[in-house]
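To start, the structure under review is shown below, and the notes come after it.
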Amino acid sequence: MDERRQDNARQEALDYHEFPRPGKLEIRATKPLANGRDLSRAYSPGVAEACLEIKADPATASRYTSRANLVAVVSNGTAVLGLGNIGAAASKPVMEGKAVLFKKFANIDCFDIEVNESDPEKLAEIVCALEPTFGAVNLEDIKAPDCFIVEKLCRERMNIPVFHDDQHGTAIVVGAAATNALHVAGKRFEDIKVVSTGGGAAGIACLNMLLKLGVKRENVWLCDIHGLVYKGRVEDMTAQKAAFAQNSTARTLAEVIEGADLFLGLSGPGVLKPEMVAKMTPRPIIFALANPTPEILPDDARAVAPDAIIATGRSDFPNQVNNVLCFPFIFRGALDVGATTINAEMELACIDGIAKLARTTTAAEAAAAYRGETLTFGADYLIPKPFDPRLVGIVSSAVARAAMETGVATRPLDDLDAYKRKLDSSVFRSALIMRPVFEASRAADRRIVFAEGEDERVLRAANAMLEETTDVPILIGRPEVVATRCERAGLPIRPERDFEIVNPENDPRYRDYWETYHHLMARRGVSPDIARAIMRTNTTAIGAVMVHRGEADSLICGTFGQYTWHLRYIREILARDGLSPVGALSMIILEDGPLFIADTQCHDDPTPMQVMETVVGAARHVRRFGLTPKIALCCHSQFGNMDSYTGRKMREALALLDARQPDFMYDGEMHVDAALDPDLRERIFPKSRLEGVANVLVFPGTDAASGVRNALKMRANGLEVGPILMGMGNRAHIVTPSITARGLLNMSALAGTPVAHYS
């Protein structure tokens, strides 16, 4: 069975690399090339202008070419993963993979360059000759001690960052993990004894990093395959090993491990024995990083030291020391300020950013990517997960700051806070478009009640509200369930202490709530018994009653259930004093910007008057995002060419809008392609009142609107913000079950914006 499973896994890995097209990379153009004018700009004669600008000032290459965002991943294949010296060609899948990680985690473009050159000085010469092409170089999988020579020569000769990730990337992540491990253990760098196995590039770099963090050189004991590195030893010695030679008569790992606080293994399987662990200090820190089999398995270590703090290089154990936590983000910061090198201060800033992030609340996106794992800071969670989207903003901005402060930045940034926001917006796709809404919501402290307060997404959104906004979350749910789920999710918030909670099973306001509901619904067939039952079981109705009574400013519901079911209770309780659900507006964030779709939920077959109200409401809400509304009334008919039901409806809605004379652009009825293609629209209907590309599409029914919304989400990688319930004075919003914690936070900001800001 195991052999069959291994064969299947091997074939799956090969298929992944071969299909649907070989390899993991491609090159795409970033500029249009659709006509002769584009060609003349991209190549001759227009390209000469960019060439002459760079000739006059080489620094302008960062303006006119991709160099400032281009990294070379260079290897000669002499030390590839755990495979050894397999040659340059065989290393290419690994180097392509490295390039994919650069792109995925930091949006950095890469060329992988595999070089048939084993002489380190000649390899350095080749790399140096590539400097005009790249903004930085990542050296990869070059055997020791050659890697030290190549990096030293390249750093001396090149005026761009050169970073050997096997050394420094590993050292940075080990440094972050060690920082937090000592925090958990209650120890200090300057006091600990370190025993390390492995005198290769990564091992030496990690020891040098620990020295920078405060470990005393005399407290470092380095062992390799021949035993302790001691003064006077000549066998298999290098200058890098000799720097850690001890003046001792001890010769073996078993002799020097006694009293060690930290074991750092970058060697091979089974090197650290349980009886050795037993000789270490209480609360020992064991970094067994050999892959695929560590120096000691965590269960074996804990059998003799139950309080051990353990990290490995494997993903199936807690605390995986993975270079991807470092290299994309240190390069991102270095490239963005035009750094000439990556210095020690930038590396330490990277460590500090990674370590601090692990001590904060886990991002909802990381929790979703690692569902089932406990991501709460402690012995089993020392460093963040690679899919934590906050890494790029926190780490890269810290690196950029260090580069500027140490004088190696050739393009220093004017505003680091703005830079961090820009980085965050590159991973939180809604961040940039939502900024005006979040800023407006800070004008007043509003109370937002969440109907499904026991849902983990709601708990994470509430935690983010408390950290990032001035709004106050109120959760409906059972306190003991909410508390347990907060703890399980690694959230620091607790009911009553950090937020108000309404317990539907036992709340002192229960009588007030059911009497209020009965008063509102007595002439709609709701008896006192029914009112009491609803106020015990229907959290949407409870939240709506709270808003009606003035105990909350807005309700958010709908993380489960059907939209119209929630809408029924909102309409019954809150649709008063001129308020009435007009329509649901969804913003879909696409690669080229946001597109609003309406009405996606409320009216299956709206009347022309309801379509008109949807258009007016959509224009008002689009302005909340700092955008100018350009609204197209869409259907199968186009500018009167069909006498269809939907065509007549949209034409009547257009006439109602014309009579109202609104202060925004709109036109119809038209096809979606005409709405989104001004040239096509000009050919079909010259001098349309709509200018440019429409950013709001209003449809004659929810079937069409919801279908377009879902197609854009699923096939165009669209990110939804919403739905926004229009017409209710911002007193209630109904989300959909697919919403994320980040989506709920966005909705809380929309709900938290006072009506005066957008009505």
Side-chain angles (χ1 to χ4, degrees), residues 446-459 461-462 472-483 485 495-496 499-582 584 601-604 723-737 739 744 747-748 751:
R446 292 172 64 81
R447 299 158 300 170
I448 314 298
V449 58
F450 290 88
E452 296 93 23
E454 296 176 2
D455 191 293
E456 182 180 327
R457 293 167 295 173
V458 171
L459 299 177
V472 179
I474 303 170
L475 274 57
I476 302 176
R478 295 162 292 177
E480 66 279 4
V481 174
V482 171
R485 291 183 179 176
E496 302 300 351
F499 54 86
E500 181 184 341
I501 192 160
V502 178
N503 182 2
E505 292 183 345
N506 182 23
D507 194 278
R509 296 161 290 190
Y510 170 66
R511 184 182 183 90
D512 295 333
Y513 288 175
W514 78 255
E515 286 183 345
T516 298
Y517 184 67
H518 177 252
H519 175 74
L520 294 171
M521 302 297 295
R523 291 190 177 274
R524 299 190 195 178
V526 174
S527 67
D529 286 340
I530 293 174
R532 280 190 283 265
I534 288 176
M535 287 298 105
R536 282 283 190 224
T537 59
N538 188 324
T539 56
T540 294
I542 294 170
V545 166
M546 291 182 70
V547 174
H548 172 76
R549 289 169 55 86
E551 296 174 10
D553 298 299
S554 191
L555 162 68
I556 295 177
C557 60
T559 59
F560 63 83
Q562 209 275 332
Y563 191 99
T564 54
W565 182 90
H566 294 278
L567 183 61
R568 168 192 167 186
Y569 293 98
I570 288 171
R571 196 191 304 269
E572 288 177 348
I573 298 167
L574 296 177
R576 301 166 187 276
D577 302 323
L579 298 178
S580 178
V582 165
Q601 300 287 354
C602 291
H603 303 296
D604 291 342
I724 301 166
L725 182 57
M726 301 183 292
M728 290 302 299
N730 211 25
R731 304 186 78 194
H733 293 287
I734 307 168
V735 300
T736 57
I739 197 163
L744 285 166
M747 289 307 299
S748 75

| What's the spacing between Met728 CE and Ser580 OG if we round to 0.5 Å? | 7.5 Å

| query | Any side-chain heavy-atom pair from Leu555 and Arg731 closer than 4.5 angstrom? | reply | no

| said: According to salt bridge (charged side-chain N to carboxylate O under 4.0 Å, His left out), does anything in residues 551-560 pair up with another residue at least two apart or in another chain? List the pairs. | reply: Arg447-Asp553, Arg549-Glu551

| query | Can you find a heavy atom in the side chain of Arg536 that is under 4.5 Å from one in the side chain of Glu505? | reply | no

| query | Nearest 0.5 Å, what's the OG1-CZ distance between Thr539 and Phe560? | reply | 5.0 Å

| Thr736 vs Gln601, side-chain contact (heavy atoms from CB on, under 4.5 Å): CA-CA, chis, key distance, verdict | CA-CA 10 Å; Thr736 57; Gln601 300 287 354; 3.8 Å; yes

| Hey, mind stepping through Leu520 and Val526 against side-chain contact (heavy atoms from CB on, under 4.5 Å) and telling me if it holds? | CA-CA 9 Å; Leu520 294 171; Val526 174; over 6 Å; no

| field | Check: Phe450 and Phe499 side chains under 4.5 Å, non-hydrogen atoms | value | no

| Knowing that exactly one of Val735, Ile476, Thr559, Ile739 qualifies, which makes a side-chain contact (heavy atoms from CB on, under 4.5 Å) with Val458? | Thr559

| Between atom NE2 of His566 and atom NE2 of His733, what is the distance when rounded to the nearest 0.5 Å? | 15.0 Å

| Is there a side-chain contact between Arg571 and Pro581 (heavy atoms, below 4.5 Å)? | yes

| remark: All heavy atoms of Pro723 vs all of Ala584, minimum pair found to be CB-CB, 4.0 Å

| Which atom of Gly543 lies closest to which atom of Val449, heavy atoms considered | O-CG1, 4.0 Å

| task | Provide the closest heavy-atom pair for Arg446 versus Ser554 in the form atom of the first, atom of the second, distance. | result | NH2-CB, 4.5 Å

| said: Between Thr564 and Leu567 (side chain of the first, backbone of the second, donor and acceptor by atom type, cut-off under 3.5 Å), is there such a pair? | reply: no

| note | In terms of heavy-atom contacts, Val482 and Gly453 come closest through CG2-O, 3.8 Å

| request: Evaluate the side-chain proximity of Leu475 to Leu459: yes if any heavy-atom separation is below 4.5 Å, no if none is. | output: yes

| field | Interatomic spacing from OH in Tyr569 to CD1 in Ile573 - rounded to 0.5 Å | value | 8.5 Å

| message | I need the Glu500 CD to Met546 CE distance, nearest 0.5 Å. | response | 5.0 Å

| message | Could you tell me if the side chain of Ile534 sits less than 4.5 Å from the side chain of Trp514, heavy atoms only? | response | no

| task | Could you tell me whether a side-chain N or O of Tyr517 sits under 3.5 Å from a main-chain N or O of Asp512, the two making a donor and an acceptor? | result | no

| Mind checking whether Ile556 and Glu452 have side chains closer than 4.5 Å, heavy atoms only? | no

| Any side-chain heavy atom of Asn503 sitting closer than 4.5 Å to one from Pro479? | yes

| request: Nearest 0.5 Å please: distance from the CD1 atom of Ile734 over to the SG atom of Cys602. | output: 6.5 Å

| request: Please confirm whether the backbone N or O of Val502 pairs with a side-chain atom of Asp507, one donor and one acceptor, at under 3.5 Å? | output: no

